[in-house]
Amino acid sequence: MTKLDIHESWRLHAYADNELDKEERVKMETQLTDDPEARAEVEFWSAQKRAMKDAYDGVLAEPVPGKLQAALKQVSKPAQDSSWRASAIAAALATLVIGGVAGWYAGSQQGGAPQFTIADRALNAHVVYAVEKRHAVEVAADEKEHLQSWLGKRIGSAFKTPDLAVAGFNLLGGRLLAAEDRPAAQLMYEDANKKRITIFMTSNPSHAERAIELASRGKLVACYWFNDKIGLAVAGEITREEAEKIAKLAYDQMEGEES
Amino acid sequence: MDFRTQLAGEIPYLRRFARALCGDGALADDLVQDCIERALLKGHLYDPARPLRAWLYAVLRNIFISGLRREGSHSVVKTIDDLVQGEDAVAPAQEDRLSMVQIGKALEMLPPQHREVIVLVGLEEMSYRDVAEITGVPVGTVMSRLSRARSSLKQILTDRGHTVLRRVK
């Protein structure tokens, strides 16, 4: 039987960490009976584990410091807390807030023009364009890179076109739209049953971030959020659960983890 | 159980992980505090189908690693000589306690990417797959980091005359 090279053998580590399946484990145990050096190595690793546990397990029994309990409670404050962070958290935690059309104005708050929420705009644009058979999009998915850089430039913020394939939706393409006097963008996706959803994006002049929220109008649902540059909304004739799922999918890809 | 209640239950584990990662108790709790705040802010990104602890560990280690990048404060190179010198002052009778101090000091000497892997596997008993997800690297990388961390640790702990670890049994 060949001896294990104890410095290279990942199998030995996997054995020590209980990562091998039963068959592999039995094989390794047989091999180890002939290999005292490898056995000693495994024993040394478990001694390392025990030493770490001896050193740090005591922390588990310590009372949780007050400042950590406070950090945990901070969010139980009502959503009108002055900190936008706290309200964003509260909104995110209370599953999804069902917002009416009068919820949040993404547009300029001045002037006499009618005010639309981002949910309104997204749903209006969806209703108009999602039914288009031949001219649903201006730039098709096969020119995704171009579509993305063009629309990103127009709305003033580069974005990543999310892949919604796990939800069954594939990118058809996108188009440039107007949100009153500002450019807006629409990405359109379609599933195997030809059902379409759209993602609407326009700049966020207030730069205030908002967690994901939900608005509905009849059978239409929009799930929207704001980062510091743009507001985004997933729109379609879908259930709230679907809208939430797709929005989270898009959110994860488009916002990412910053660290 | 709501997210916050679950999060509360994980705090002791977050504290243990943080303590082993950064060595210093006060710093560790700052890290946990940041982690709690971040977790509450990003709670909607957590997939309940996955273990909460692994998700929280990922949040915590990301804050830790980005903190290191920002400050560069932990790039101070410690050598085995530093360790041995500090140890000489300790009387032999204290060796049993020494093993605890010792492992902490030895961990501190590992590069953060090796330290987090050996702590997650050895102390937190996370699977290689969970560790890969937490640290954002492939499982193969986890295994090679683990292997290197273990042999460095062995070298640090044995190349000093007395072999503390063997006595822990």
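Naming convention: chains lettered A, B, ... in sequence-line order (proteins, then strands); numbering from 1 in each chain.
Heavy-atom pairs under 4.5 Å with chain A peak, among B/R148, B/E124, B/R19, at B/R19. Considering only heavy-atom pairs separated by less than 4.5 Å from chain A, the leading option among B/A8, B/G25, B/P12 is B/P12. Interface summary for chain A: among B/R15, B/R150, B/M143, the most heavy-atom pairs under 4.5 angstrom belong to B/R150.
Summarising the local packing, OH of B/Y46 is surrounded by more than 12 heavy atoms from other residues, nucleotides or ligands at distances under 6.0 Å. Enclosure of atom NZ in A/K229 is not indicated, since only 12 or fewer non-hydrogen atoms of other residues, nucleotides or ligands lie within 6.0 angstrom.
Of the inter-residue distances, the one linking B/L40 atom CG with A/K73 atom NZ reads 13.0 Å to the nearest 0.5 angstrom. The CG atom of B/L153 lies 7.0 Å from the CZ atom of A/F44; values are rounded to the nearest 0.5 Å.
For the pair A/L68 and B/I36, the tightest heavy-atom approach, listed with the atom from each and the gap, is O-CD1, 3.9 Å. Summarising the geometry of A/W10 relative to B/S147, their closest heavy-atom pair is NE1-CB, 4.1 Å, with the distance given to 0.1 Å. Nearest approach of B/G122 to A/M52, heavy atoms of both residues: CA-CE, 4.0 Å. Shown here for B/I103 and A/A51, the closest heavy-atom pair between the two residues is CG2-O, 3.7 Å.
A salt bridge does not link B/R129 with A/E19: none of the charged nitrogens is closer than 4.0 Å to a carboxylate oxygen. Salt bridge B/E125/A/K53: present, at least one basic N to carboxylate O contact under 4.0 Å. The pair A/E255-B/K42 does not count as a salt bridge, with every side-chain nitrogen at least 4.0 angstrom from each carboxylate oxygen.
Both the backbone and the side chain of A/A14 come within less than 4.5 Å of a heavy atom in chain B. Proximity to chain B involves both the backbone and the side chain of A/D57, based on heavy atoms less than 4.5 angstrom apart. Contacts of A/E62 with chain B are made by both backbone and side-chain atoms, with heavy-atom separations under 4.5 Å. When heavy atoms are compared at a cutoff of 4.5 Å, B/L14 does not approach chain A at all. Looking at B/L123, both its backbone and its side chain come within 4.5 Å of chain A, counting heavy atoms on both sides.
Counting heavy atoms from C-beta on, the side chains of A/Y56 and B/L107 come closer than 4.5 Å. For the pair A/K248/B/L45, no side-chain contact is recorded, criterion being any heavy-atom separation below 4.5 Å from C-beta on.
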Chi angles and distances behind the side chain to side chain contact (heavy atoms under 4.5 Å, CB included) call for A/Q69, B/I11: CA-CA 9 Å; A/Q69 286 173 3; B/I11 291 179; over 6 Å; no
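No close placement of the B/Y128 and A/H13 rings is indicated, their centers lying 6.0 Å or farther apart.
Of the listed residues (B/D34, B/D30, B/D29), just one forms a salt bridge (charged side-chain N to carboxylate O under 4.0 Å, His left out) with A/K67, and that residue is B/D30.
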